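Working notes, structure below.
Given the structure is predicted, the values throughout are model-derived calculations rather than measurements. Position 1 is the first residue of the sequence; numbering continues from there.
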Amino acid sequence: MARLDVGTKAPGFTLKDERGEKVSLKDFLGTRVVLYFYPADDTPGCTKEACQFDAALYRFVGAGVEVLGISPDGSESHRRFRDRYELKLRLLSDENHSVMEAYGAWGEKTLYGRKSVGVIRSTFLLSHDGTIERAWYNVRADGHAEKVLAAVPD
């Protein structure tokens, strides 16, 4: 699993959101973007992380940052998840894991001593020009949104 270094060009992508509409990274050129990769909708850690990013969404937007959550779940799952928790942030579907693999957010991981292959909870802050400004791998869901917000330059 390759990790992305600060200063490298972020891999481009086009994925569907919770409404089934295509969203391309290139649409955000000129804007800072937070991409956070998470394992699954409506699970305890992922729900906590999504709700915390959502609670901070207006502060991210006020700082000129778009926030996009990406998981392997489909658009319909994302829609139900957003509706259930009244989330405002956009959720994108990477059902074949290709974007996660490109960002180093898919691979072997160890949980409670057991190895498996899946989503490696990771977050990226992309600069205005589409390069990696910060990268966090193997993050803890709780409190992570505030850490990312604190790393956004003024």
Side-chain angles (χ1 to χ4, degrees), residues 1-18 20-29 31-54 56-57 60 65-82 84-85 87 89-152:
M1 170 191 73
R3 290 188 172 203
L4 298 177
D5 294 322
V6 170
T8 60
K9 187 77 170 160
F13 62 80
T14 299
L15 296 171
K16 289 186 179 178
D17 70 6
E18 68 282 345
E21 296 176 7
K22 289 182 179 179
V23 176
S24 295
L25 185 59
K26 67 182 178 185
D27 297 339
F28 298 97
L29 214 54
T31 304
R32 277 196 169 90
V33 177
V34 166
L35 300 177
Y36 82 92
F37 294 91
Y38 66 101
D41 292 338
D42 218 5
T43 57
C46 297
T47 299
K48 184 172 282 194
E49 185 177 30
C51 288
Q52 289 177 5
F53 268 112
D54 199 70
L57 189 60
F60 277 107
V65 180
E66 293 286 335
V67 178
L68 303 172
I70 303 175
S71 86
D73 295 308
S75 294
E76 182 59 27
S77 175
H78 286 336
R79 188 193 58 72
R80 285 191 309 268
F81 184 48
R82 282 184 81 224
R84 180 172 184 182
Y85 295 98
L87 302 173
L89 58 91
R90 290 177 90 177
L91 301 175
L92 308 181
S93 298
D94 185 17
E95 294 179 273
N96 67 5
H97 321 129
S98 61
V99 176
M100 291 177 198
E101 289 174 16
Y103 279 81
W106 179 268
E108 187 176 277
K109 59 186 183 175
T110 304
L111 184 62
Y112 303 115
R114 200 178 108 237
K115 290 185 186 240
S116 64
V117 174
V119 179
I120 298 164
R121 194 181 302 273
S122 308
T123 304
F124 301 87
L125 174 61
L126 309 183
S127 68
H128 300 93
D129 64 359
T131 58
I132 306 292
E133 202 165 330
R134 288 286 304 265
W136 295 264
Y137 288 96
N138 297 305
V139 302
R140 293 184 54 88
D142 192 21
H144 181 60
E146 287 297 325
K147 291 177 185 173
V148 174
L149 186 59
V152 173

**Request:** For Lys109, look at atom NZ and say whether over 12 heavy atoms of other residues, nucleotides or ligands are found less than 6.0 Å away.
**Result:** yes

**Heavy-atom side-chain contact between Asp142 and Gln52 under 4.5 Å** = yes

**Item:** Option passing ring-ring contact (aromatic ring centres under 6.0 Å, His included) with Phe124 (candidates Trp136, Phe13, Tyr137)
**Value:** Tyr137

**Request:** Could you pull out all residues at least two apart from Lys115 that satisfy salt bridge (Lys or Arg N to Asp or Glu O under 4.0 Å)?
**Result:** Glu108

**Fill in**
The complete set of salt bridge (charged side-chain N to carboxylate O under 4.0 Å, His left out) pairs with one or both residues in residues 127-136, sequence neighbours excluded, reads Arg32-Glu133

**Request:** Decide yes or no for Tyr38 and Thr43: does some side-chain heavy atom of the first lie under 4.5 Å from some side-chain heavy atom of the second?
**Result:** no

**Prompt:** Should Ser71 and Asp41 count as side-chain neighbours, where that means a heavy-atom distance under 4.5 Å?
**Reply:** yes

**Asked** Parallel, tilted or perpendicular: which describes the rings of Phe37 and Tyr103, with under 30° parallel and over 60° perpendicular?
**Response** tilted

**Prompt:** Please, which pairs that meet side chain to side chain donor-acceptor pair (under 3.5 Å) have at least one residue in residues 5-15, sequence neighbours excluded?
**Reply:** Thr14-Ser24

**Prompt:** Can you name the salt bridge (Lys or Arg N to Asp or Glu O under 4.0 Å) partners of Glu66, sequence neighbours left out?
**Reply:** none

**Prompt:** Do the side chains of Phe53 and Leu149 get nearer than 4.5 Å, heavy atoms only?
**Reply:** no

**Request:** Could I get the full list of salt bridge (Lys or Arg N to Asp or Glu O under 4.0 Å) partners for Arg84, not counting sequence neighbours?
**Result:** Asp42

**Item:** Partner set under salt bridge (Lys or Arg N to Asp or Glu O under 4.0 Å) for Glu95, not counting sequence neighbours
**Value:** none

**Message:** I want to check something: taking the side chain as every heavy atom from C-beta on, are Leu68 and Leu35 in contact at a cut-off of under 4.5 Å?
**Reply:** yes

**Prompt:** Less than 4.5 Å apart, any side-chain heavy atom of Phe81 and any of Asp73?
**Reply:** no

**Asked** Which one of Lys16, Arg79, Arg82 satisfies the side-chain contact (heavy atoms from CB on, under 4.5 Å) criterion with Leu91?
**Response** Arg82

